[in-house]
Amino acid sequence: MLGALIVACCLLGGFVHSIAGEPLAGARISLHAGDVRKNAVSDAKGRFTISAPPAQYQVDTSVSGYRSASVLVALDRDRSIDIALEPVNAPTLRTIAVVTVDGRLTPILGTIPSLTVTRSDYERLGYDRIVQGLQGLPSATFAHPDGGSSNAIAVVALRGPDPSESLIALDRQLLNDGNTGDLDLSRLPVAAFSAVNVTEGLGPEDSNGSNTFGGAINLVSLRPTRDPHAAFSLSGGSFGQSEGWINATGTQGRFGYAFAADDQNQSGYVNQPVVLNGTTRTTLGSSLASHAGLANLTWSFSQRADVTARVFLLGDVRDQSASVNGIDEIASDKGTPLYGQFIGPGNQSLAQVIRAYQVTDRMPLGAGELSTDVSESDNSVTLVGNPSDPAYDLTHQDRRYNGALNWERDFATSQFAVGGYTRYETLNFGPPVLGQTINVLYARGGFQPAPKWRIDGGLFESRYTSFGSNLDGRIGAVYTSAPNTTFRFSAGTGFRAPLLIERYLFPLAQLAQDGLGVFVGQGNPNEKPEHATEYELGMSHEFTSSTLDVSLYRTNLRNPVEIYYPIQLAESGGCLGNSVANPVPGCVSFNSNVGNAVYEGAEIRYAKRFVPEHMFLTAMYGLNVAYPKNLNAFFSNPTSAANLVDNQQFPGIPQQQGSLEFDYTPATWHAAVQAIVRGKNNELNLPPFTTVNAAIGKRLDQHADLTMAITNVFNAAVGPFTRFGAGVPYNGLTGPLPTDALYVEPMGVRAILTVRN
């Protein structure tokens, strides 16, 4: 009797559909484990069934015009699965990557590490800004050039010290600012997005060029859904913080829509009158007002052809005066009348505007799929007041115009794609207006030479009117030793192109002078691209109710761009008489290629669902070692502006960091807590610290939810002002160098009411 039951088991049923919920007919579903292989094809309603003996199977799904998907299923009884596929023009940077169905327990099945932070991940902890969900990632390091408060600039780098070595994109549309090469993420609202895809290092699947080696962060906008949905939320809390947002998505016939609007305001943690620089009476504040809107519209001609138009707008105004001013605590000043008094550039407000427009379409062409992308972006910053950072506090406007074409064909066990894009960008800091054109061609492909092997490769040629051309190649392999275990390897080359502003030779009258008389912010017309070679090893294993991912990487960076500073001449007083009318030779700081750098490390991610299934644990740890080599003069890092030493960790990059999150969702209640750990040499220049964020809520009925979110529960690393010279010293060439201690806000509480239809 038992044998008969085993033979009768099991039946796997499922529903294959697009991300928007449209049923996908003709999808090929393959179920295999060892010598057992079963196949099925979805019907007109996207449904399928497969009968197979009990085992743990890998289920592969593919259909023309959509990305293939792969998921592990333990078939110990009759089961049903739901498979959502991305179209070929999906907003991901790795376009020949595997898309999987199961969220937090999904192992990495591609050639490079990737992680998706979903909308539910943000809402579980009551986060309202994109940057909050990135802080727990083991490879993400942050820089705060204008202080650590929540309304100050925050930029992120992946696996290294330079944020310009990582791509920031919205639905594949590049957003990196042309002035600094990165993007201020501090005010991007969660309400406008459905997910954030983070991929690390170089990968054969890239379609956005090879000008990155840290990795890529792709913001996925809110997208249409098959059924109509609407939601709105109101919240208020500490420091005068308030937010209201509304979302609406759905489909009417062939027309799909997604709309989002968000409004955030706060009076701020600090609003204090002080005497600045011993003479000037002023008020240091930290208020902000931020507004964002998104519209995403799709017209479907057929299952394989559609066109999408998307608009994203963000505008904010912030009082940064509390963050950029502070208390002087340099050791040499102790005991003098200046010590303990407020110093700094004075009142400062920053206004940011981001506009991103994009039209994409896809259609069958011959035996493959053709997709096109036309986009324009505008990132402008206006500073009122004295600058505190010569790179970030610069009034400017950055614009990009982009057109892309991609043709891809899928076979049963292989894929290949050819394409390219042309991009024209301008940087206006009035005057001058700088510009360049970028043309990129690529060929990418992947195939399975054997059932357990997958090989991917790519070749990229980039041509810049500013410095010339560059050719890069990448290759990766994935070996599935068992249905629940994969090993991966990748190697490749990449480069970071010089920024327009880095190559421009400014008149001295347009440069600022520091306290030692040195002109800072000068460009270098002879600057060349950074080049990198990267190697990656990884392993993923899926247990019954948990997943373990391990990655090892090493990047060899040649000719990194750092900032030369005449330390010896300046500290001896040789630049104090420097002026535009009477310039002192050698008293200029400028960008230059110098020496080498190494980025290497390890990352571990463990996710586990407990029994009962409403308990979940996610733990992540990162070892990030980054150091310069073969420096031949006095140089500092562009982001941290701290002097560099051969074979010593870059400033502001903690070698060890990680996060631990636990969530609990019994019945109508839900709770989550996340601890974020930063080791020594962190971005705040403080000793190691841990911040804890938590949320607890209750579903009032099937439509309404009330949540209480608490940030920085134990008041770690708190303070109202920057403390100049009070940070952990950095070991420079001439001995310990003072750093500025940055602080974050103390514990804050926010009540959030969300209503969904």
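Positions are given from 1 along the sequence.
Arg159 and Glu600 are not joined by a salt bridge, as no carboxylate oxygen comes within less than 4.0 angstrom of a charged side-chain nitrogen. A salt bridge is defined here as a Lys NZ or Arg NE, NH1 or NH2 lying under 4.0 Å from an Asp or Glu carboxylate O, and Glu425 with Arg400 meets this definition. Salt bridge Glu536/Arg474: absent, no basic N to carboxylate O contact under 4.0 Å. We find that Glu461 and Arg463 are joined by a salt bridge, their nearest charged nitrogen and carboxylate oxygen being less than 4.0 Å apart.
With sequence neighbours excluded, the residues satisfying side-chain contact (heavy atoms from CB on, under 4.5 Å) with Arg558 are His531, Thr533, Asn596.
A donor and an acceptor atom, one from each side chain of Ser462 and Asn470, are nowhere located under 3.5 Å apart. In this model, a donor atom of one side chain and an acceptor atom of the other lie less than 3.5 Å apart for Gln656 and Tyr621. Side-chain N/O atoms of Thr422 and Asn439 include a donor and acceptor closer than 3.5 Å. In the model, His541 has no side-chain atom that pairs as donor or acceptor with a side-chain atom of Asp549 under 3.5 Å. Side-chain N/O atoms of Thr555 and Glu534 include a donor and acceptor closer than 3.5 Å. Side-chain contact, Asn624 with Tyr553: a donor N or O sits under 3.5 Å from an acceptor N or O. No donor-acceptor contact under 3.5 angstrom links the side chains of Arg678 and Thr691, judged on distance only.
Ring-centre distance between Tyr565 and Phe634: not below the 6.0 Å cut-off. A distance of 6.0 Å or more separates the ring centres of Phe489 and Phe487.
Between Tyr127 and Tyr122, the two ring planes are perpendicular [angle over 60°; tilted spans 30° to 60°].
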